[in-house]
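First up is the structure itself, then whatever we jot down about it.
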Number of protein chains: 2
Amino acid sequence: MSSVDLTAPALSDRKISILEAATVLFAKHGYAAVSIRDLAREIHTTPAALYHHFPDKDAIYTAALRHVFSDRAKALGTIVKGDDAPDVTLERLIIWLTQQFSDNPVLARLVQRELLAGDRDRLRLLTEDVMAAPFREIERLMHRLAPAKDASLSAASIIALVMGYVQLTPVLEVLTGQRNTKQSLKDFAAHTKNLVLHGLLAQPQPKAPS
Amino acid sequence: MSSVDLTAPALSDRKISILEAATVLFAKHGYAAVSIRDLAREIHTTPAALYHHFPDKDAIYTAALRHVFSDRAKALGTIVKGDDAPDVTLERLIIWLTQQFSDNPVLARLVQRELLAGDRDRLRLLTEDVMAAPFREIERLMHRLAPAKDASLSAASIIALVMGYVQLTPVLEVLTGQRNTKQSLKDFAAHTKNLVLHGLLAQPQPKAPS
DNA sequence: GGCTCCTAACTGAACGTTCGTTTGGGTAAC
DNA sequence: GTTACCCAAACGAACGTTCAGTTAGGAGCC
């Protein structure tokens with residue numbers, strides 16, 4: 001439950017189908033609450049068959065994590081590739097980031113579970129494969145948009161805001177009484193963009209009337 | 001102050017000591033990963049002894065949740081009681097909220113786990129006992145500070161931001177290379193306050209100079 | 001074609017361990 | 001004697017894992 005191999009092992013089709021089911025189950029219930037028999041039942045096979053492809057349960061979980069986390073930064077390239085103004089790019093980036101988490105509950109939940117588990121090696125995997133690219137990109141944009149502010153802190157805030165909001169959704173449904181819709185997600189992204197742009201770009205100008 | 005609490009079951013000292021240990025273990029490892037034997041060992045007793053005080057494992061977990069979640073809104077009263085200007089109160093509230101999560105890892109982790117578990121009844125408990133009071137208070141403040149903006153969305157954003165940041169801490173340590181300190185937490189609270197105050201209070205005024 | 005050989009993929013059954021829970025009895029206090 | 005509390009021991013079920021044996025399919029040779 002600790003060391004993580006950094007090399008990609010070229011997975012067979014069968015292995016991928018196992019991991020596909022594993023990611024769903026582990027995301028939904030957590031590592032300890034998913035048994036090998038549960039996983040085997042899900043893909044209509046036997047526990048022993050799984051041990052033909054993976055040495056133990058831990059290896060399945062780690063491989064499933066890798067499978068979900070890998071290549072997560074690819075789509076980011078198309079988002080920031082254009083030579084739009086930084087604030088436009090930032091807006092696209094915030095929307096993309098929000099969708100990344102809300103359209104992909106398996107990813108979102110595995111990320112949350114890993115943050116809770118706190119395993120050092122897997123935290124590094126999470127950081128490098130999932131978090132680093134958006135963070136660096138937002139950091140870069142914020143550095144251009146608001147050089148006076150702490151770009152790292154701003155980037156952290158944006159990611160934290162998006163993550164926290166997606167997580168809070170069920171609570172907010174209870175608090176505000178309305179179900180989460182595509183529209184409220186759009187609203188949130190726009191809200192966040194305005195919050196960041198106005199909050200961080202505004203020169204710290206006192207309220208004294210000129 | 002003569003209200004009678006209808007829900008509190010009047011826990012004995014022994015029960016409280018059991019729940020105290022249970023909260024720590026469940027927060028750290030999650031429900032499925034903590035066995036009755038683990039819990040019994042932690043408080044130097046036997047599994048059977050626990051069944052004298054609680055009917056089953058689930059009841060222990062639920063009671064532990066209640067024990068941590070209960071009276072969470074009490075301290076909030078002193079925060080918002082003063083008749084300071086709304087923006088000053090908001091700043092105190094943000095700092096308080098940040099400390100609430102970061103100084104209390106057991107609470108923070110149980111909240112995160114409950115958000116992941118998604119059980120309807122326990123989500124309602126979480127919402128009412130932990131989330132509602134700060135949410136309503138921030139909502140009220142924001143309504144006074146920025147009547148034009150969606151106060152619920154703003155309140156949700158603030159709570160999401162604080163929650164997300166606390167969660168992200170281990171990842172940020174990897175990304176920025178520096179360990180989390182009391183100071184960086186203060187910085188975050190101040191940063192958030194400015195973000196919210198400037199970002200939401202600034203009238204949507206185009207950049208054209210008057 | 002048929003035949004052998006090999007290997008990957010899988011199965012059914014079982015291993016020992018740990019799980020949540022129960023039982024029956026014991027001890028101290030009222 | 002009743003009650004509250006606790007223990008040692010055990011219950012059946014489920015756990016991760018192993019193992020001997022079966023199947024399917026291709027390669028190599030005739």
Side-chain angles (χ1 to χ4, degrees), chain A residues 1-5 8-67 110 113-114 117 119 121-122, chain B residues 8-67 110 113-114 116-117 119 121-122:
Chain A
M1 203 55 172
S2 59
S3 83
V4 173
D5 188 3
L11 301 169
S12 69
D13 287 354
R14 184 58 172 149
K15 269 184 175 146
I16 289 178
S17 79
I18 293 175
L19 295 184
E20 221 85 61
T23 54
V24 175
L25 287 184
F26 284 135
K28 195 180 295 184
H29 304 112
Y31 180 85
V34 174
S35 72
I36 296 290
R37 285 171 177 83
D38 290 335
L39 178 54
R41 192 179 310 116
E42 187 72 13
I43 56 179
H44 308 102
T45 183
T46 61
L50 299 179
Y51 282 87
H52 178 73
H53 298 277
F54 298 94
D56 53 30
K57 183 183 176 183
D58 200 73
I60 297 180
Y61 181 73
T62 306
L65 260 197
R66 292 187 164 283
H67 183 64
L110 285 177
R113 293 198 185 279
E114 281 310 300
D119 178 271
D121 291 333
R122 296 206 311 262
Chain B
L11 300 170
S12 68
D13 287 354
R14 185 57 170 151
K15 269 185 175 148
I16 289 180
S17 80
I18 293 173
L19 294 184
E20 220 85 59
T23 56
V24 175
L25 287 184
F26 283 135
K28 196 180 293 182
H29 306 293
Y31 179 85
V34 174
S35 72
I36 296 289
R37 286 172 177 82
D38 291 334
L39 178 54
R41 192 179 309 117
E42 187 73 13
I43 55 179
H44 306 104
T45 184
T46 62
L50 299 179
Y51 281 88
H52 177 74
H53 298 276
F54 299 95
D56 52 32
K57 183 184 177 184
D58 202 74
I60 297 179
Y61 181 73
T62 306
L65 260 197
R66 289 186 171 280
H67 183 64
L110 285 178
R113 293 197 185 280
E114 280 311 300
L116 274 169
D119 178 271
D121 291 335
R122 298 206 308 262

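Just the heavy atoms: all of them, side chains too, but no hydrogens, waters or symmetry mates, feed the values below.
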Shortest non-hydrogen contact from [X] to [Y]?
X: A:Y51; Y: A:D56; answer: CE2-CA, 3.8 Å
X: A:S17; Y: A:I43; answer: O-CG2, 4.2 Å
X: B:I60; Y: B:I36; answer: CD1-CD1, 4.1 Å
X: A:V34; Y: A:K57; answer: O-NZ, 2.8 Å

Using a 3.5 Å distance criterion without hydrogens, assess whether the side chain of A:R122 forms a donor-acceptor pair with backbone atoms of A:T62.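 No.
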Can a donor-acceptor pair be found, under 3.5 Å and without considering hydrogens, that links the side chain of B:R41 to the backbone of B:P47?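 A pair under 3.5 Å: no.
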Does CG belonging to B:D13 count more than 12 external heavy atoms closer than 6.0 Å?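 For B:D13, atom CG is not crowded (no more than 12 foreign heavy atoms under 6.0 Å).
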Rounded interatomic separation in angstrom, taking [atom1] from [X] and [atom2] from [N]:
X: A:I36; N: D:dT18; atom1: CD1; atom2: P; result: 11 Å
X: A:D38; N: D:dA13; atom1: CG; atom2: P; result: 17 Å
X: A:F54; N: D:dT18; atom1: CZ; atom2: P; result: 15 Å
X: B:K57; N: C:dC19; atom1: NZ; atom2: P; result: 9 Å
X: B:H53; N: C:dT21; atom1: NE2; atom2: P; result: 16 Å
X: A:R37; N: C:dT11; atom1: CZ; atom2: P; result: 14 Å
X: B:I60; N: C:dG20; atom1: CD1; atom2: P; result: 9 Å
X: B:K15; N: D:dA4; atom1: NZ; atom2: P; result: 11 Å

Specify the residues of residues 41-52 of chain B, ordered by number, for which at least one heavy atom lies under 4.0 angstrom from an atom of DNA chain D.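 Close to the strand are B:T45, B:T46, B:A48, B:A49, B:H52.
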To the nearest 0.5 Å, tell me how far B:E42 CD sits from B:D38 CG.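 That separation rounds to 8.5 Å.
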When you compare the protein's N or O atoms with those of nucleotides 27-30 of chain C, which come within less than 3.5 Å of each other, and at what distance?
none

Does a nitrogen or oxygen in the side chain of B:S35 sit under 4.0 Å from OP1 or OP2 of C:dC19?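 Answer yes for this pair, as a side-chain N or O of B:S35 is under 4.0 Å from OP1 or OP2.
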OP1 or OP2 of C:dC10 versus the side-chain N and O atoms of A:R14: is any pair under 4.0 Å?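 It does, given that an N or O in the side chain of A:R14 lies less than 4.0 Å from OP1 or OP2 of C:dC10.
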Look at the aromatic rings of A:Y31 and A:F26 and report parallel, tilted or perpendicular, splitting at 30° and 60°.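 Correct class here is parallel.
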